[in-house]
Number of protein chains: 2
Amino acid sequence: MHSPVGIRDVAERAGVSPGTVSNVLNRPEKVSAATRAKVEEAVRELGFVRHGSASTLRAGHSKTIGLSVIDIGNPFFTDVTAGVEEVASELGYAVILSNSAGSRTKEERNLLVLAEQRVRGVLITPSDEDPTRLDRLRDRGIRVVLVDHPAHRADQCSVAVNDIVGGTTAVSHLLSGGAESIAYVTGPLTIRQCIDRRVGAERALGGAPLRVIEMAAMTPRAGQQAAAKMIAEGDLPDAIFCANDLLALGMLRGLTHAGVRVPDDVALIGYDDIDFAAASAVSLSSIRQPTHQLGRVATELLLDECDHPDTHAHQQIMFQPELVIRESTR
Amino acid sequence: MHSPVGIRDVAERAGVSPGTVSNVLNRPEKVSAATRAKVEEAVRELGFVRHGSASTLRAGHSKTIGLSVIDIGNPFFTDVTAGVEEVASELGYAVILSNSAGSRTKEERNLLVLAEQRVRGVLITPSDEDPTRLDRLRDRGIRVVLVDHPAHRADQCSVAVNDIVGGTTAVSHLLSGGAESIAYVTGPLTIRQCIDRRVGAERALGGAPLRVIEMAAMTPRAGQQAAAKMIAEGDLPDAIFCANDLLALGMLRGLTHAGVRVPDDVALIGYDDIDFAAASAVSLSSIRQPTHQLGRVATELLLDECDHPDTHAHQQIMFQPELVIRESTR
DNA sequence: CCACAACTTTGAAACGTTTTTCTAAGTCAG
DNA sequence: CTGACTTAGAAAAACGTTTCAAAGTTGTGG
């Protein structure tokens with residue numbers, strides 16, 4: 001283990017002052033081509049790597065951002081994360097990942113760790129509507145961009161997808177396929193996304209009744225239970241709209257097992273268009289959200305806000321979801 | 001935005017010296033209960049948050065670790081990541097996530113960023129066998145633990161799952177179900193995991209021939225293509241072993257579409273036991289790897305190495321995979 | 001009542017950068 | 001050739017912690 005090489009070692013080797021090395025590193029245009037070359041040479045020879053903490057301490061800002069998601073196991077968030085990592089990495093930022101796992105205390109603890117690390121900004125899918133923790137971050141000078149959650153304030157960036165439109169699109173599609181009775185299988189109706197998708201569904205029905213089946217979780221298992229319940233109760237609708245693909249996949253499995261044919265007996269549509277939607281035995285129609293894009297754009301907004309605070313204009317971006325038709329609604 | 005409150009503000013408020021505040025923060029047992037209480041009170045009143053960079057700079061080590069994975073979109077790595085995040089968060093460490101996306105240059109760039117951040121250690125699933133970049137990290141005093149890759153050296157921790165045993169288990173299970181001809185559908189045979197699983201499969205066959213179908217990717221799409229190819233060629237085996245569940249799901253779909261019944265006509269088994277294996281129309285038998293555990297243990301090893309370097313004993317841990325029987329091989 | 005040990009607390013230096021101020025050396029017009 | 005102006009680089013002062021030797025405090029036994 002060779003002793004750590006610092007900016008002064010580089011300076012000595014190149015025959016310049018430490019300040020000049022710093023300039024080469026941070027504002028190369030301020031330095032003449034000749035000395036720049038000398039310094040770069042020295043950096044290479046000595047294998048110098050800048051000490052991020054020292055840099056952060058003195059400069060007052062770091063090259064890291066925080067990402068706080070609700071469930072890292074959900075393909076939706078995984079895709080978002082991939083998009084975030086991509087952009088951050090391109091711009092030389094490191095991403096600190098934290099998973100609130102739906103727990104508010106864990107989220108709070110994670111945000112504290114992020115504050116200690118003096119991250120430049122935070123991308124967060126908040127686990128509830130309470131804005132005080134985020135305000136506290138902002139007070140500390142940490143920028144915040146909301147992900148998959150529209151901002152309520154104009155001085156705040158956010159990136160989301162219109163879930164009401166998504167609900168409407170899904171149900172309209174089912175109606176246009178000839179369905180007359182429709183059921184909505186959803187997760188907890190405390191979750192904004194579930195509520196909005198329901199509102200959209202009802203809007204499409206224009207007053208006709210929507211049978212709502214609320215499950216505690218949004219997993220394949222829950223979907224299968226919902227299927228069992230509907231079959232036991234004996235009256236299947238013409239079509240089923242599930243609030244996410246995990247539910248829909250479980251539902252598909254439950255129906256198929258009971259001898260119900262999809263889409264002949266019952267049409268089925270999910271939400272999110274995760275990779276596995278296309279891969280199931282009867283491929284699943286779904287509402288696609290630009291997840292990867294969501295992560296990319298959120299990160300671009302955040303880093304723009306950090307790097308160009310004067311020209312930055314806050315934006316609340318709302319993407320539109322997209323209908324993907326597959327076998328389950330043909 | 002209130003002006004940043006530092007350790008000296010806290011000291012002043014509590015009527016002690018900055019050194020004492022630092023002691024309360026880092027070695028509470030060195031401080032009398034009375035002053036500790038005073039200091040903690042002051043911390044709370046002022047909303048003090050320690051400046052991680054300053055701390056890292058002075059103390060010489062940080063409270064962050066790096067995690068470098070090959071494909072953040074693959075549920076296998078997602079599960080590992082969740083385990084890592086869990087343990088790190090419990091112990092107050094932040095996790096910097098980087099995704100090499102299979103590209104060696106990207107991996108290299110990411111490792112540089114991690115080195116700049118002076119992470120305490122790195123968890124990495126290396127994208128190839130070349131050990132020089134890892135040696136370079138170790139030279140810098142950054143501990144390295146290999147994930148899903150057995151270490152070749154004794155002074156190095158690693159956590160992996162025995163893929164040879166997994167291959168043997170899968171094929172033995174197929175044989176015990178009465179299969180006589182078996183095909184192995186795999187990703188590129190440059191990938192260690194694919195090779196090992198094949199070796200295990202051949203071991204189970206004890207000399208009997210194994211038909212190997214090598215695909216360029218390990219995705220549902222590739223699995224479906226493999227199915228189409230086998231059906232076109234006209235001779236289906238009794239059973240198929242796929243090198244991961246994504247391939248197997250695609251295979252299942254391809255077979256079902258061609259009217260081949262699983263498991264009646266062909267038995268099918270995958271690998272990884274991702275969540276969706278249980279959720280498909282014909283639930284998929286698979287080889288389960290303790291993915292979450294993999295992440296947890298790797299992190300525990302790394303942090304033990306960091307926090308107790310004198311008592312730490314390097315370990316190469318090899319987990320055993322587990323057979324999960326579902327409908328596709330009944 | 002003193003010497004000594006055990007325990008607390010202090011104060012200043014140091015960690016490796018960035019930033020700001022300042023000097024020296026060019027450059028150019030008159 | 002001078003003086004104003006520009007530019008490149010040097011020197012030193014921060015940034016907010018931790019550390020460590022030293023000083024201070026308390027308690028104990030003789």
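Here is how names work: the chains are called A, B, and so on, in the same order as the sequence lines, proteins then strands, and each is numbered from 1. These values consider heavy atoms only, across backbone and side chains, with no hydrogens, waters or symmetry-generated copies.
In this model, no donor atom of one side chain and acceptor atom of the other lie less than 3.5 Å apart for A:Gln316 and A:Arg153. With 3.5 Å as the limit, one finds a donor-acceptor pair spanning the side chains of A:Thr35 and A:Ser32.
In this structure A:Glu305 satisfies the salt bridge (charged side-chain N to carboxylate O under 4.0 Å, His left out) test with no other residue, sequence neighbours excluded. When the ring pair (Phe, Tyr, Trp, His ring centres under 6.0 Å) test is applied to A:His312, the partners found at least two apart in sequence or on another chain are A:His314. For B:Asp148, there are no salt bridge (charged side-chain N to carboxylate O under 4.0 Å, His left out) partners at least two apart in sequence or on another chain. Contacts of A:Arg50 classified as salt bridge (charged side-chain N to carboxylate O under 4.0 Å, His left out), with partners at least two apart in sequence or in another chain: B:Glu116.
For the side-chain hydrogen bond (donor to acceptor under 3.5 Å, both in side chains) condition, the pairs that include at least one residue of residues 293-303 of chain A, sequence neighbours left out, are A:Glu86-A:Arg296. Pairs engaging residues 5-22 of chain A under the side-chain hydrogen bond (donor to acceptor under 3.5 Å, both in side chains) rule: A:Arg13-A:Glu45, A:Ser17-A:Thr20, A:Ser22-A:Asn26 [sequence neighbours left out]. Pairs of residues two or more places apart, or lying in two chains, that qualify as salt bridge (charged side-chain N to carboxylate O under 4.0 Å, His left out) and include a residue from residues 20-42 of chain A are A:Glu41-A:Arg44. Applying the salt bridge (charged side-chain N to carboxylate O under 4.0 Å, His left out) test to every pair with at least one member in residues 94-114 of chain B, sequence neighbours left out, gives these pairs: A:Glu85-B:Lys106, B:Arg104-B:Glu108, B:Arg104-B:Asp128, B:Arg104-B:Asp130, B:Glu107-B:Arg133, B:Glu108-B:Arg136. A salt bridge (charged side-chain N to carboxylate O under 4.0 Å, His left out) check over residues 62-81 of chain A, counting only residues at least two apart or in different chains, returns nothing.
Rounded to a whole Å, the NE2 atom of A:His51 is 13 Å from the C1' atom of C:dA14. Computed from coordinates, the A:His61 NE2 to C:dT18 P distance equals 10 Å when rounded to whole Å. Residue B:Arg8 contributes atom CZ, which lies 14 Å from atom C1' of C:dT10 at whole-angstrom precision.
Within the nucleic acid shown, A:Gly19 comes within 4.0 Å of at least one base atom, counting heavy atoms only.
Overall bending of the helix from C:dC1-D:dG30 to C:dG30-D:dC1, expressed as the angle between end axes built from five pairs apiece, is 40° (10° steps).
Put simply, chain B comes within 4.0 Å of DNA chain D, heavy atom to any atom, from D:dG16 to D:dT19, going 5' to 3'.
The base of C:dT17 is not paired with the side chain of A:Arg58 by any donor and acceptor separated by under 3.5 Å.
Near DNA chain C, meaning a heavy atom under 4.0 Å from it, residues 22-35 of chain B has B:Val31, B:Ser32, B:Thr35 in order of number.
Side-chain N/O atoms of A:Ser55 include none lying less than 4.0 angstrom from OP1 or OP2 on C:dT17.
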